[in-house]
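Reading through the structure tokens given below for one structure.
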Amino acid sequence: MNALNLTPLFRTAIGFDRLARLMDNAASADVSYPPYNIEKTGEDSYRLTMAVAGFGPDDIEMTVKDNTLLVAGRAAPDAPQPELLYRGIAARAFERRFVLADHIVVDGAELTNGLLHVALKRVVPEALKPRRIAVNGATAKVANDAQPSVAAA
């Protein structure tokens with residue numbers, strides 16, 4: 001894999017330290033387990049689907065902090081472990097982090113048939129939405145106060 005050197009950019013730009021952190025985290029992330037899909041389901045909505053076979057709703061914890069979604073799975077330690085002749089389904093603990101863009105919120109999560117579906121939605125605050133400004137036209141009327149007064153002689 002080729003390394004991307006952004007040092008010249010960071011020498012002359014101020015405030016892009018978050019970008020550098022994002023790139024460092026993306027480069028060091030282990031992307032093999034559990035497998036996942038990210039799909040766009042609408043103009044402002046997304047769905048994250050993770051294959052979490054062997055995990056129940058109580059075994060999965062999701063938190064959002066500082067624009068980062070953390071999905072962690074921990075198998076119940078008190079569950080009886082059968083004698084396995086072959087293990088093809090990984091049931092190891094995992095932690096997966098996803099960096100969320102600004103104004104992306106988690107809309108809900110559902111675990112069905114070993115797939116964790118996380119609904120995400122972009123919710124832009126009213127103050128940041130574009131708004132149309134009405135342009136009022138000026139009229140050509142002359143105000144009564146602006147006419148010169150005629151003095152009676």
Side-chain angles (χ1 to χ4, degrees), residues 1-140:
M1 182 173 142
N2 294 335
L4 183 63
N5 185 4
L6 297 177
T7 304
L9 171 67
F10 296 123
R11 267 190 240 137
T12 58
I14 299 171
F16 287 92
D17 52 333
R18 182 173 173 218
L19 175 65
R21 255 193 334 270
L22 289 174
M23 294 186 72
D24 285 342
N25 290 342
S28 64
D30 175 26
V31 294
S32 61
Y33 182 77
Y36 64 91
N37 293 336
I38 300 173
E39 58 186 293
K40 188 168 185 168
T41 58
E43 186 173 329
D44 288 330
S45 59
Y46 304 87
R47 182 169 53 189
L48 166 67
T49 302
M50 297 180 71
V52 291
F55 290 91
D58 296 335
D59 301 330
I60 296 175
E61 179 181 334
M62 292 187 353
T63 56
V64 177
K65 182 181 177 189
D66 297 330
N67 286 1
T68 301
L69 170 64
L70 172 67
V71 181
R74 312 261 185 270
D78 55 343
Q81 299 294 326
E83 181 182 348
L84 291 176
L85 300 178
Y86 172 77
R87 178 181 298 270
I89 300 173
R92 63 182 184 255
F94 67 88
E95 241 185 37
R96 172 74 69 184
R97 295 177 191 274
F98 298 92
V99 178
L100 303 176
D102 292 337
H103 313 299
I104 297 287
V105 296
V106 176
D107 201 25
E110 177 183 319
L111 183 63
T112 307
N113 297 329
L115 295 175
L116 175 66
H117 300 284
V118 181
L120 302 156
K121 189 176 209 176
R122 181 184 320 276
V123 180
V124 180
E126 284 295 322
L128 297 178
K129 287 184 180 176
R131 45 189 179 110
R132 186 167 176 86
I133 309 298
V135 177
N136 295 325
T139 59

message: Minimum heavy-atom separation for A51 and P34, please, with both atom names.
response: O-CB, 3.3 Å
statement: d(L69 CG, L120 CG) to nearest 0.5 Å is 6.5 Å
For residues 107-119, dump all side-chain donor-acceptor pairs below 3.5 Å to protein atoms at least two apart in sequence or in another chain.
| from | atom 1 | to | atom 2 | distance (Å) |
| --- | --- | --- | --- | --- |
| E110 | OE2 | T112 | OG1 | 2.9 |
| H117 | ND1 | T49 | OG1 | 3.2 |

Gap separating the CG atom of D59 from the CZ atom of F94, nearest 0.5 angstrom: 9.0 Å
task: Rounded to the nearest 0.5 Å, what's the gap from CE on M50 to CZ on F55? Could you check?
output: 9.5 Å
query: Is R96 reaching over with its side chain to a backbone N or O of Y33, donor-acceptor style, under 3.5 angstrom?
result: yes
task: Report the distance from atom OG1 of T68 to atom CZ of F98, rounding to the nearest 0.5 Å.
output: 11.5 Å
Within-4.5 Å side-chain heavy-atom neighbours: I104 and R122: yes
